[in-house]
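Contents: one structure, followed by commentary.
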Amino acid sequence: MLRQPYLQMIRPTTTTITWKTNKDAESCTVIFNEINETTKTTVKGNLVKHEGNKFNEVILTNLKPSTTYDYSIYSNGHLLAGGKNYHLY
């Protein structure tokens, strides 16, 4: 189960996406692309043990300022969220 992802530390060329799962995760990934572009970038993240749960954290770098990106988030290889409602601005 996924709780709403959080965008933290949004800067012109980097951002951090975090989310919490109710079960321990072994891996976390974000796949993103510029809106209306087909080339996608995959970034593996870090798992942070906290209060008996796993917090997933992925840092995206080399973003273009004032550009919109679509993104999808994965834990343990399973798509948890993504699509037209998930954008970075």
Side-chain angles (χ1 to χ4, degrees):
M1 174 178 213
L2 166 76
R3 296 184 182 168
Q4 183 65 32
Y6 302 99
L7 296 175
Q8 301 176 349
M9 296 184 278
I10 298 174
R11 297 190 172 106
T13 61
T14 64
T15 192
T16 302
I17 301 173
T18 62
W19 65 96
K20 182 179 178 182
T21 54
N22 63 350
K23 294 184 179 180
D24 289 351
E26 295 179 15
S27 65
C28 60
T29 306
V30 170
I31 298 175
F32 70 99
N33 59 285
E34 287 183 46
I35 197 163
N36 300 322
E37 294 290 331
T38 57
T39 302
K40 297 184 179 203
T41 302
T42 301
V43 179
K44 292 185 179 186
N46 300 304
L47 301 168
V48 181
K49 189 84 167 168
H50 183 69
E51 297 175 7
N53 291 301
K54 292 285 187 177
F55 283 84
N56 301 253
E57 175 183 81
V58 178
I59 301 170
L60 307 182
T61 61
N62 299 317
L63 302 173
K64 295 178 185 176
S66 303
T67 302
T68 302
Y69 294 88
D70 291 328
Y71 70 96
S72 299
I73 60 175
Y74 295 81
S75 287
N76 294 335
H78 298 282
L79 175 64
L80 299 180
K84 295 181 181 182
N85 293 327
Y86 291 86
H87 300 293
L88 303 172
Y89 301 100

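Values in this document were obtained by computation on a predicted structure and should not be read as measured data.
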### Task
Take Ile59 and Thr61, measure what side-chain contact (heavy atoms from CB on, under 4.5 Å) needs, and give me the verdict at the end.
CA-CA 6 Å; Ile59 301 170; Thr61 61; 4.0 Å; yes
### Message
Closer than 3.5 angstrom, by distance alone: can the side chain of Asn56 be matched with the main-chain N or O of Lys20 as a donor-acceptor pair?
### Response
no
#### Entry: Min side-chain heavy-atom separation Thr41-Asn33 under 4.5 Å
no
### Query
Going from OG1 on Thr68 to CG on Leu63, what distance comes out if it is rounded to the nearest 0.5 angstrom?
11.0 Å
### Task
Show your working on side-chain contact (heavy atoms from CB on, under 4.5 Å) between Ser27 and Asn76 and close with a plain yes or no.
CA-CA 5 Å; Ser27 65; Asn76 294 335; 4.2 Å; yes
### Message
Using side-chain heavy atoms (C-beta onward) and a distance below 4.5 Å, is Thr16 in contact with Thr14?
### Response
no
### Query
Can you tell me how far the OG1 atom of Thr39 sits from the CD atom of Glu34, to the nearest 0.5 Å?
9.0 Å
### Task
Establish whether Ile17 and Leu47 are linked, either directly or via other cluster members, by ILVMFWY side-chain heavy-atom contacts under 4.5 Å.
no
### Message
Could you check whether any side-chain heavy atom of Val30 comes within less than 4.5 Å of a side-chain heavy atom of Trp19, counting everything from C-beta outward?
### Response
yes
### Task
Could you check if a side-chain atom of Asn46 sits within less than 4.5 angstrom of a side-chain atom of Phe55, using non-hydrogen atoms only?
no
### Query
Does the pair Ile73 and Cys28 meet the rule for a side-chain contact (heavy atoms from CB on, under 4.5 Å), with working shown?
CA-CA 8 Å; Ile73 60 175; Cys28 60; over 6 Å; no
### Query
If Ile, Leu, Val, Met, Phe, Trp and Tyr residues are connected whenever their side-chain heavy atoms lie under 4.5 Å apart, and connections chain through other members, are Tyr74 and Tyr71 in the same group?
no
### Task
Calculate, to the nearest 0.5 Å, the distance between atoms OG and CD1 belonging to Ser72 and Ile31 respectively.
6.5 Å
### Query
Quick one: OG1 on Thr21 to NZ on Lys54, what's the gap to the nearest 0.5 Å?
8.5 Å
#### Entry: Heavy-atom side-chain proximity of Tyr69 to Glu37 below 4.5 angstrom
no
### Message
Quick one, Lys44 and Val58 - any side-chain contact, counting heavy atoms below 4.5 Å?
### Response
no
